[in-house]
Amino acid sequence: MSDISPEIAALLAESNLDFDTSPVETENKAQNGDSKSGYGKANNAANSVDLTKTKFAPVEKFIADTPITQVYSDKAYYKTTLTDEPEVAQRLHSLLSKYLTCKDPKDRAIFRQQIVTPYWEVLRSISQKAKLPSTPECKKMLLRFGILLPSLMTDEQKDIFSRSFRENTSGEPIYYLDEWFSNIAQGLITISATDEAKPRSKGAPAGSSEETARLMQLKTKAQGKVQNAETMLAAKESERQSMENGLKGLLDDFCYHPQIPGTKHKECLSEVQKKKGNDIAEKVRLLVKIDREISQYLVELEEANETSKHLDEKLALAGNLVEVNNADFMTEFDTVRQMAKMSVGRMGNHFPIFTKEFFHCIPKGIGFRENVIREMAWVESLDPGVFCRIHKNVMNRIVPYVILIPTYGDFGFCWEPFDRFNRVTSRGRIIVPMYPKNLQHTILLACADLRWQVAKEKASYYWMEEGLTGQYYQWFTSQKLKGDVKEKFIEDYILWIKFESEGMMKLDKEVRGIFWRHMPFPQERKEMLKTRSLVYQELYQRDINRSMSDGY
């Protein structure tokens, strides 16, 4: 980086760029919202849980053939991005100028470290404007990809990023940071869990904001019940429709009587039709049961809606709602910043700005939404239950929210396995850094962490004794292993997916048995593995024995 391009040198020579650092009007618009904005609402379908989906839809294209935007060719990109931001933008500009023009490695390291804080303060300001249609595209691209100065990109990188798809057409809950903050600001997604207590609103009477916060918590819980009832209701109605369609087909077959040749009479029921009569009776019995469940969910939904409406009325009277919402948004921003740190790790590269100096990904290894869907679909093809949770003996597939953070980290992880107010149908949250060394490995880390946390929460106080975590923990202690049991589990999970799925034995025999039972491969993969080794053949035979003994 000691050889600065003429374009950068000319830009940074203007050390006193006339940034407008009076963003009050813009921020107020961002906080109060814009009724004309549809940004984020297009993603609302992805936020709702569809229990009828069984897998990811295939991604037809991972990147456009031709550029979708010319924003990175805009010579005013840098200045427009920092205009209308707080005074810290001038400090960021000054530090970036020194960093790019400095030739002493030690001084460059100091400037690089000093850039981090003002960068995030500028990002804090821009994040509040993410949902506004009037927000310049370059500001959103800073949020999305960390691109502050396009001159720090190669022409090839500019071409790749200009061809990345902007809109979420997949219907999956996978979001770039600008989309995430837009959804949070519009209330389409609740803020992420945090252990820190929320501060009281300034100037508010003691207890008033606490009461509003309490009501907001109850409101969130009520919304969780509404979502749960609606999701389960939709799933049961879909199941009823499917069963009714099947029943109609059976009835048509059952009531079909062909003409007896040479007569005007019709034939009696055949043996096949008589057997179908039993099937019809069984389907009717199941339909009555489903109808009873639908009736229960309708009652639950009505009660939850009444509670939610009652809380809305109380919140309208409580006041301070705007202040609490703003505080929540700032809390979410601080949470995302913590996520970014964790995705990089203590010894990683925390430099927040996109630059060719640190970016070394090939196109399919960048954390674009389409690439992430491809890798998540691959994991699910080998671990069908990775995104599933069991409720009332029914396996519900619930893909977690995926937050794509533009960092040079390698660590994907699970922030929360599900919403604490809706454990049944709410989405969890996993974090994926966008510029890792190996995107597949990063997503495997996140999926393994999700697997562990969901199983641990399901077992609750007995997580060291029951289920997946209990059996693994008991093996871990029996081997007298040291360190974090979750980290060891994640290491073994990666071996399970990458190697054991191909018949390469890398795990301890007991661990292999635990994973085979609690995180089974799909049936066709099991049948392939049983031909590879006697070890897998024995595990396959155990499955057959268990299925034969069920019910006895």
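Every value quoted in this text rests on a predicted model; they were computed, and no experiment measured them. Just so you know, residue 1 is the first one in the sequence shown, and it goes up from there.
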Looking at residues at least two apart in the chain, or sitting in another chain, which of them share a ring pair (Phe, Tyr, Trp, His ring centres under 6.0 Å) with Y435? F354, F359, Y408
Less than 4.5 Å apart, any side-chain heavy atom of V432 and any of I405? no
With a 4.5 Å heavy-atom cut-off, do V336 and F181 have their side chains touching? yes
Can S170 and E370 be counted as having a side-chain donor-acceptor contact under 3.5 angstrom? no
Under 6.0 Å between the ring centres of F515 and F521? no
Between K275 and D279, does at least one N-O distance fall below 4.0 Å, as a salt bridge requires? no
Check: L269 and H257 side chains under 4.5 Å, non-hydrogen atoms: yes
List the steps and the verdict of salt bridge (charged side-chain N to carboxylate O under 4.0 Å, His left out) for E137 and K140. CA-CA 5 Å; E137 185 181 7; K140 292 181 179 179; over 6 Å; no
Between D383 and W496, do the side chains contain a donor N or O and an acceptor N or O under 3.5 Å apart? no
Which heavy atom of C414 sits nearest a heavy atom of Q453, and at what distance? O-NE2, 3.0 Å
Run the numbers on I390 and N396 for side chain to side chain contact (heavy atoms under 4.5 Å, CB included), then give the verdict. CA-CA 6 Å; I390 297 176; N396 296 324; over 6 Å; no
Let me see the working for T407 and S343 under side chain to side chain donor-acceptor pair (under 3.5 Å), right down to the final yes or no. CA-CA 7 Å; T407 65; S343 72; 3.0 Å; yes
Do F254 and I280 come within less than 4.5 Å of each other through their side chains, counting heavy atoms only? yes
Between T469 and M464, does a side chain to side chain contact (heavy atoms under 4.5 Å, CB included) hold up when you go through it step by step? CA-CA 6 Å; T469 57; M464 292 184 287; over 6 Å; no
To check you understand the geometry: which heavy-atom pair defines the closest contact between S426 and F418, and what is its length? OG-CB, 3.4 Å
Could you go through the salt bridge (charged side-chain N to carboxylate O under 4.0 Å, His left out) check for E502 and R525 one step at a time? CA-CA 9 Å; E502 299 295 332; R525 178 71 55 160; 3.3 Å; yes
With the side chain counted from C-beta on, respond yes when N245 and Q241 share a heavy-atom pair under 4.5 Å apart, and no when they do not. yes
Heavy-atom side-chain contact between E465 and Q474 under 4.5 Å: yes
Min side-chain heavy-atom separation W415-M342 under 4.5 Å: yes
Ignoring hydrogens and geometry beyond distance, is a side-chain donor-acceptor pair present between N545 and R542 at under 3.5 Å? no
Measure the acute angle between the ring planes of Y175 and W180, then classify it against the limits of 30° and 60° as parallel, tilted or perpendicular. tilted
Under the criterion side chain to side chain donor-acceptor pair (under 3.5 Å), I'd like the reasoning laid out for S182 against Q186: C-alpha separation, chi angles, the key distance, then a yes or no. CA-CA 6 Å; S182 174; Q186 295 181 77; 3.0 Å; yes
Take R163 and D159, measure what salt bridge (charged side-chain N to carboxylate O under 4.0 Å, His left out) needs, and give me the verdict at the end. CA-CA 6 Å; R163 290 191 289 124; D159 177 65; 3.1 Å; yes
Residues E172 and N168: side-chain donor-acceptor under 3.5 angstrom: no
Of all heavy-atom pairs between R423 and R389, which one has the smallest distance, and what is that distance? O-NE, 3.3 Å
S238: side-chain hydrogen bond (donor to acceptor under 3.5 Å, both in side chains) partners, not counting sequence neighbours: none
How many angstroms lie between atom NZ of K276 and atom CG of L251, to the nearest 0.5 angstrom? 10.5 Å
Checking salt bridge (charged side-chain N to carboxylate O under 4.0 Å, His left out) for the pair R512/E500: CA distance, chi angles, key distance, verdict? CA-CA 9 Å; R512 184 181 299 109; E500 294 276 347; 2.9 Å; yes
Polar side chain donor-acceptor pair, R429 to S192, under 3.5 angstrom: yes
So if I apply the side chain to side chain contact (heavy atoms under 4.5 Å, CB included) rule between W378 and each of E375, E380, M376, which one comes out positive? E375
Please determine whether side chain to side chain contact (heavy atoms under 4.5 Å, CB included) holds for the pair D410 and N438, giving the CA-CA distance in whole Å, both sets of side-chain angles, and the decisive distance to 0.1 Å. CA-CA 7 Å; D410 294 308; N438 186 319; over 6 Å; no
Would you sort out whether S127 and L143 count as a side chain to side chain contact (heavy atoms under 4.5 Å, CB included), showing the intermediate values? CA-CA 7 Å; S127 67; L143 273 175; 4.2 Å; yes
Parallel, tilted or perpendicular, judged at 30° and 60°: which one describes the rings of Y473 and F476? parallel
Taking C-beta and beyond as the side chain, do D449 and Y493 meet within less than 4.5 Å on heavy atoms? no
Closest heavy-atom contact between C447 and V386? CB-CG2, 4.0 Å
Check whether the side chains of Q523 and Y540 place a donor and an acceptor atom closer than 3.5 Å, and report yes or no. yes
Angle class for the W452/Y472 ring planes (parallel below 30°, perpendicular above 60°, tilted otherwise)? perpendicular
Looking at every non-hydrogen atom in both residues, tell me the closest pair between R144 and E179 and how far apart they are. NH2-OE2, 3.3 Å
Using the rule side chain to side chain contact (heavy atoms under 4.5 Å, CB included), only one of S164, C361, P436 pairs with I366; which is it? C361
Could you tell me whether the side chains of E303 and T307 share a donor-acceptor contact shorter than 3.5 Å? no
Would you call K526-D543 a salt bridge at under 4.0 Å N-O? yes
Minimum heavy-atom distance I191-D328, with the two atoms named: CG2-O, 3.7 Å
Please tell me whether F368 and F62 form a close aromatic pair, meaning their ring centres lie under 6.0 Å apart. no
